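Since the structure comes first, as structure tokens, the remarks are kept for the end.
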Amino acid sequence: MTQTARVALVGDRSDGVRSHVRIPKLFERLAERDGLELDAYWIPTDAVGDLTGFDAVWLVPGSPYRSEAGAVDTVRAARENGVPFLGTCAGFQHALLEFARNVCGLGGIGHAENAPDADERLIVPLACSLVGHEGAVDVTRGTLAARILGAERSVERYHCSYGLDSRHLETLVAHGLVFSGFDGDGDARIAELPDHPFFLATLFQPELAGDGTRPHPVVQAFARAAVAHANLSIHSGH
């Protein structure tokens, strides 16, 4: 018997954000279709506390967040404690921000949406906004993203205006972050940590794929990782 996984959905919930409406429905489909039971708890970014006891964390879209610090702390907790993590859209951006600050030592680096006047910015406006757009993503062989997507190219849906300043890509890679998906211009679209049970961040929004009746492979993989963590916790007595 598989355990029900407790999932923290960290973000400032609003019925005006399509992802926030779609995600709970996807969790229902995962239970019905795949037997993956997820018990979701919404946590505002300005109320993030101890995340101990959660089997997975999804840093959901909807920026600017009320609390950049809360979003960054969420990523750090999942990264350092081996808790399955998914970050989509703004979640991708803040996952990179956390890694740059806490792993790469770039403590003062900023996000252009939150701190447009920062001396050094990791996340900057995209040359062309991707709000409401779809685009091809080229996936790197041998990565978690490649195993999940099962293809070397995938067409994904976006709703964002900010992304990684490519000048900082090499620094992030040098410290262990793997970029496993790029658009046609070579800009990063997927990031992952290979030495983590499940740590994936996408600038695109897999939760918006299709009509919501068939969860995207990324969402399915996240759900499987969450349930696996729940089962491991039970067997280890935690």
Side-chain angles (χ1 to χ4, degrees), residues 9-12 14 17-20 44-46 48 57-80 85-133 135 137-138 145 156-193 196 199-208 218:
L9 299 177
V10 179
D12 307 311
S14 168
V17 178
R18 287 184 62 212
S19 291
H20 297 183
T45 57
D46 57 0
V48 174
V57 175
W58 186 341
L59 185 55
V60 302
S63 64
Y65 293 132
R66 289 182 208 150
S67 172
E68 177 186 277
V72 169
D73 287 347
T74 294
V75 180
R76 184 170 191 169
R79 179 179 59 80
E80 292 185 342
F85 172 84
L86 177 62
T88 57
C89 197
F92 169 91
Q93 298 159 18
H94 286 74
L96 303 192
L97 197 62
E98 188 279 328
F99 194 85
R101 289 177 178 173
N102 296 321
V103 179
C104 303
L106 302 176
I109 203 160
H111 187 307
E113 186 174 30
N114 307 330
D117 298 325
D119 292 336
E120 195 68 43
R121 298 180 298 176
L122 183 78
I123 306 299
V124 296
L126 297 169
C128 296
S129 171
L130 289 171
V131 172
H133 286 246
V137 177
D138 295 314
E156 303 293 348
R157 187 170 297 178
Y158 293 86
H159 196 84
C160 65
S161 301
Y162 293 85
L164 173 68
D165 184 333
S166 60
R167 293 177 299 175
H168 296 293
L169 186 145
E170 289 187 7
T171 299
L172 297 172
V173 169
H175 285 82
L177 193 65
V178 171
F179 288 97
S180 49
F182 297 86
D183 72 356
D185 294 324
D187 291 323
R189 296 294 181 255
I190 310 174
E192 58 188 69
L193 284 175
H196 191 282
F199 190 102
L200 191 70
T202 68
L203 190 63
F204 58 84
Q205 294 184 238
E207 66 275 7
L208 295 184
V218 165

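Owing to the predicted nature of the structure, the values given are computational and were not obtained by experimental measurement. No hydrogens, no waters, no symmetry mates; every other heavy atom, side chains included, goes into these values.
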Approximate separation, where rounding is to 0.5 Å, of [X] [atom1] and [Y] [atom2]:
X	Y	atom1	atom2	value
Leu177	Leu96	CG	CG	6.0 Å
Leu9	Thr74	CG	OG1	11.0 Å
Tyr158	Thr202	OH	OG1	8.0 Å
Phe92	Leu200	CZ	CG	10.0 Å
Thr88	Gln93	OG1	CD	10.0 Å

Could you pull out all residues at least two apart from [X] that satisfy side chain to side chain donor-acceptor pair (under 3.5 Å)?
X	result
Asn102	Arg76, Glu98
Asp187	none
Thr45	Asp12

Please examine the side chains of [Y] and [X], heavy atoms only from C-beta on, and report whether any two atoms are closer than 4.5 Å.
X	Y	result
Val72	Arg101	yes
Phe182	Leu169	yes
Leu172	Phe179	yes

For [X], check side chain to side chain contact (heavy atoms under 4.5 Å, CB included) against everything at least two apart and list the hits.
X	answer
Ser63	Ala90, Glu113
His175	Phe99, Val103, Cys104, Thr171
His20	Arg13, Ser14, Val17, Trp42, Val60

Residues 114-124 side chain polar contacts: donor-acceptor under 3.5 Å, at least two apart:
unit_1: Asn114; atom_1: ND2; unit_2: Glu68; atom_2: OE1; d: 2.7
unit_1: Asn114; atom_1: ND2; unit_2: His94; atom_2: NE2; d: 3.4
unit_1: Glu120; atom_1: OE2; unit_2: His168; atom_2: NE2; d: 3.2

[X] versus [Y], closest heavy-atom pair with distance:
X	Y	answer
Ile109	Ala100	CG2-CB, 4.1 Å
Ala145	Glu192	N-OE1, 3.1 Å
Ala71	Tyr65	CB-CD1, 3.6 Å
Leu203	Gly163	CD2-CA, 4.5 Å

Q. Under the salt bridge (charged side-chain N to carboxylate O under 4.0 Å, His left out) test, which residues partner Asp183, sequence neighbours left out?
A. Arg189
Q. Who are the salt bridge (charged side-chain N to carboxylate O under 4.0 Å, His left out) partners of Arg167, not counting sequence neighbours?
A. Asp165
Q | Partners meeting ring pair (Phe, Tyr, Trp, His ring centres under 6.0 Å) with Tyr162 (sequence neighbours left out) | A | His111
(Q) List the residues meeting ring pair (Phe, Tyr, Trp, His ring centres under 6.0 Å) with His159, not counting sequence neighbours, and say none if there are none. (A) none
Q: Report the relative orientation of the aromatic rings in Phe199 and His196; use parallel for angles under 30°, tilted for 30 to 60°, perpendicular for over 60°.
A: perpendicular
Q) Ignoring hydrogens and geometry, is there a side-chain-to-backbone donor-acceptor pair from Gln205 to Cys89 under 3.5 Å? A) no
